[in-house]
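Here's the structure we're looking at; comments come further down.
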Amino acid sequence: MRNERTTLDVYPGPTANAPVVVWVHGGAWEIGSKTPGAREKADFLFKQGWGMVSINYRMHPEVKWSEMASDVAHAIAWVVNTNRPEIKSPASIVLMGHSAGAHLAALVATDPRYLKAADVQLNRLSGVILLDGAGYDIPEQIRIARLPRMKEMYEKIFSADEATQKQASPTLAVQKGIGIPPFLILYVASRADSRQQAMKLQEALKRADVLAAVEGLAGKNHVTINRELPVEGDSGGVLVRKFLSDLSSSKN
């Protein structure tokens with residue numbers, strides 16, 4: 001029987017072998033779907049010359065966080081290996097996620113074990129775009145959590161064991177010379193925890209000689225930074241468009 005949580009939707013790009021964005025939805029590792037807002041994002045990306053693959057993944061309590069990351073990695077492997085003519089052999093693959101999806105995207109793009117288990121090299125990714133994640137260093141995020149429910153949420157998903165939390169932390173997984181691609185890290189300017197997490201991830205990436213841009217977006221909240229991305233003139237959309245354009249230029 002097909003598991004709906006490991007399905008994906010394909011939105012082809014405008015040309016054969018067009019580059020592809022793999023979209024990872026958010027939802028606190030417990031809820032959410034590949035469908036909401038996907039058509040709008042795909043239309044936005046199509047105008048930039050990109051296709052999109054929007055993915056589901058299994059969630060808590062069905063599976064652990066590591067299995068969620070594995071689902072993301074295997075979705076990327078599907079994109080790499082598919083024979084479907086509309087997205088076969090994409091010129092580039094960029095991983096983009098929001099919230100919990102940003103955490104999973106960052107983890108898969110910094111810890112090579114997940115893609116290796118799916119028979120894909122980490123350097124097959126051309127870039128990563130993160131939208132307002134705040135779980136890049138899980139132990140630190142728990143320490144700075146201002147609300148008890150936030151601490152409880154992270155410990156529910158990642159356990160109260162700090163060693164386990166560290167294994168789930170993209171910032172702590174970063175190493176030099178393993179093929180980590182460039183990052184664009186966007187966060188809600190008014191969220192202190194998201195800012196701190198974004199800045200520390202950027203610092204870790206730069207220490208590893210990985211290109212990493214970070215930007216706080218004013219006038220946004222955790223929902224609108226994602227939902228309004230495809231809107232013409234959106235501040236986040238402008239940055240994403242430039243990031244993708246720069247990646248495309250570097251390929252030529």
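Within the structure, salt bridge (charged side-chain N to carboxylate O under 4.0 Å, His left out) contacts touching residues 92-108 (residues at least two apart or in different chains) do not occur. Applying the side-chain hydrogen bond (donor to acceptor under 3.5 Å, both in side chains) test to pairs two or more places apart or on separate chains, those with a residue in residues 70-79 are R58-D71, S70-H74.
Checking side-chain atoms of T7 against main-chain N and O of E4 turns up a donor-acceptor pair under 3.5 Å. Using modelled atom types, no side-chain atom of Q175 and backbone atom of A208 make a donor-acceptor pair closer than 3.5 Å. In this structure, the side chain of D111 does not engage the main chain of L107 through any donor-acceptor pair within 3.5 Å. A donor-acceptor pair under 3.5 Å is absent between the side-chain atoms of S92 and the main chain of P19, judged by distance alone. Side-chain atoms of S248 come within 3.5 Å of backbone N or O of L244 as a donor-acceptor pair. Checking side-chain atoms of N56 against main-chain N and O of K34 turns up a donor-acceptor pair under 3.5 Å. Side chain of N17 to backbone of K88: a donor-acceptor contact under 3.5 angstrom is found. Side-chain atoms of Q202 come within 3.5 Å of backbone N or O of A212 as a donor-acceptor pair.
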For this session: Decide yes or no on salt bridge (Lys or Arg N to Asp or Glu O under 4.0 Å) for R39 and D43, but give the supporting numbers first.
Result: CA-CA 6 Å; R39 178 76 266 174; D43 290 345; 3.1 Å; yes
For this session: Start with the C-alpha distance between E232 and K47, add both sets of side-chain angles, then the distance that settles salt bridge (Lys or Arg N to Asp or Glu O under 4.0 Å), and finish with yes or no.
Result: CA-CA 11 Å; E232 184 67 30; K47 294 174 184 175; 5.1 Å; no
Exercise. Would Y57 and L104 count as a side chain to side chain contact (heavy atoms under 4.5 Å, CB included) if you check the C-alpha gap in whole Å, the side-chain angles of each, and the deciding distance to 0.1 Å?
Worked result: CA-CA 10 Å; Y57 52 91; L104 294 172; 3.6 Å; yes
For this session: Tell me, with the steps shown, if T224 and N221 meet side chain to side chain donor-acceptor pair (under 3.5 Å).
Result: CA-CA 5 Å; T224 60; N221 60 38; 3.2 Å; yes
Exercise. So H222 and S99, side chain to side chain donor-acceptor pair (under 3.5 Å) or not? Walk me through it.
Worked result: CA-CA 8 Å; H222 189 59; S99 191; 2.8 Å; yes
Problem set entry | T110/F183 under side chain to side chain contact (heavy atoms under 4.5 Å, CB included): CA gap, chis, key distance, verdict | CA-CA 10 Å; T110 55; F183 272 63; 3.9 Å; yes
For this session: Dump the intermediate steps for side chain to side chain contact (heavy atoms under 4.5 Å, CB included) on Q141 and I144, then the final yes or no.
Result: CA-CA 5 Å; Q141 179 66 3; I144 67 175; 3.6 Å; yes
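A distance below 6.0 Å separates the ring centres of W29 and H103.
Inter-residue side-chain proximity for L131 and Y187 is flagged as unmet; no heavy-atom pair is nearer than 4.5 Å. At least one side-chain heavy atom of V94 sits under 4.5 Å from a side-chain heavy atom of W50. Between K41 and M96 there is a side-chain heavy-atom pair separated by less than 4.5 Å. Using a 4.5 Å heavy-atom cutoff, the side chains of T82 and I87 are in contact. At a threshold of 4.5 Å between non-hydrogen side-chain atoms, the residues H98 and I225 count as touching. When side chains are defined from C-beta on, P139 counts as touching D137, because their heavy atoms get closer than 4.5 Å. Side-chain contact between D132 and L217 is absent, with no heavy atoms from C-beta onward closer than 4.5 Å. Side-chain contact check for V72 versus I55: some heavy-atom pair is nearer than 4.5 Å.
Hydrophobic clustering of Ile, Leu, Val, Met, Phe, Trp and Tyr side chains at less than 4.5 Å, counting indirect connections, unites V20 with V108. Grouping the Ile, Leu, Val, Met, Phe, Trp and Tyr side chains by contacts below 4.5 angstrom, directly or via other members, places V24 apart from L184. Y11 and I93 fall into different hydrophobic clusters, where Ile, Leu, Val, Met, Phe, Trp and Tyr residues are linked whenever their side-chain heavy atoms come under 4.5 Å apart, directly or through other members. When hydrophobic clusters are built by joining Ile, Leu, Val, Met, Phe, Trp and Tyr residues whose side-chain heavy atoms come closer than 4.5 Å, directly or via intermediates, L95 is grouped together with V80. Taken together through direct or relayed side-chain contacts under 4.5 Å among Ile, Leu, Val, Met, Phe, Trp and Tyr, V22 and L229 form parts of separate hydrophobic clusters.
Nearest heavy-atom pair across G32 and M59 is O-CE, 3.7 Å. Shown here for V214 and A198, the closest heavy-atom pair between the two residues is CG2-CB, 3.7 Å. Between G237 and F44, the shortest heavy-atom distance links the atoms O-CZ, 3.5 Å. In terms of heavy-atom proximity, G216 sits nearest to A189 at C-CB, 4.0 Å. Here the closest non-hydrogen pair linking F46 and G13 is CE1-C, 3.6 Å. Looking at every heavy atom in both residues, G97 comes nearest to A105 through N-CB, 4.3 Å.
Rounding to the nearest 0.5 Å places CE of M150 at 11.0 Å from CD of E152. S66 OG to Q167 CD: the interatomic distance, rounded to the nearest 0.5 Å, is 8.5 Å. Taking CG from L172 and CG from L201, the interatomic distance works out to 10.0 Å, rounded to the nearest 0.5 Å. Taking CG of L45 as the reference point, atom CZ of R241 lies at 11.0 Å (rounded to 0.5 Å).
Between F243 and the options D246, V240, L247, L239, a side-chain contact (heavy atoms from CB on, under 4.5 Å) holds for only L247. For the side-chain hydrogen bond (donor to acceptor under 3.5 Å, both in side chains) with E140, the qualifying choice from Q196, Q165, Q197 is Q196, the only one to do so.
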Under 3.5 Å, sequence neighbours excluded: what are the donor-acceptor pairs made by side chains of residues 153-161?
{"unit_1": "Y154", "atom_1": "OH", "unit_2": "A134", "atom_2": "O", "d": "3.4"}
{"unit_1": "E155", "atom_1": "OE1", "unit_2": "K151", "atom_2": "NZ", "d": "3.4"}
{"unit_1": "E155", "atom_1": "OE2", "unit_2": "K151", "atom_2": "NZ", "d": "3.0"}
{"unit_1": "K156", "atom_1": "NZ", "unit_2": "E30", "atom_2": "OE1", "d": "3.0"}
{"unit_1": "K156", "atom_1": "NZ", "unit_2": "E30", "atom_2": "OE2", "d": "3.3"}
{"unit_1": "S159", "atom_1": "OG", "unit_2": "D161", "atom_2": "N", "d": "3.1"}
{"unit_1": "D161", "atom_1": "OD2", "unit_2": "T164", "atom_2": "N", "d": "2.9"}
{"unit_1": "D161", "atom_1": "OD2", "unit_2": "T164", "atom_2": "OG1", "d": "2.7"}

Can you give the donor-acceptor pairs under 3.5 Å from side chains of residues 115-130 to other protein atoms, not counting sequence neighbours?
{"unit_1": "R124", "atom_1": "NH2", "unit_2": "P90", "atom_2": "O", "d": "3.2"}

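A donor-acceptor contact closer than 3.5 angstrom is absent between the side chains of S54 and D9.
For E228, the salt bridge (charged side-chain N to carboxylate O under 4.0 Å, His left out) test picks out K220, with sequence neighbours left out. Take R84 and apply the side chain to side chain donor-acceptor pair (under 3.5 Å) test, not counting sequence neighbours, and it matches E86.
Within a 6.0 Å sphere centred on CZ of R149, other residues, nucleotides and ligands contribute 12 heavy atoms or fewer.
For the pair E203 and K206, the salt-bridge criterion is not met [side-chain N within less than 4.0 Å of a carboxylate O]. Of the charged side-chain nitrogens involved, none lies within less than 4.0 Å of a carboxylate oxygen, so that E67 and R5 do not count as a salt-bridged pair.
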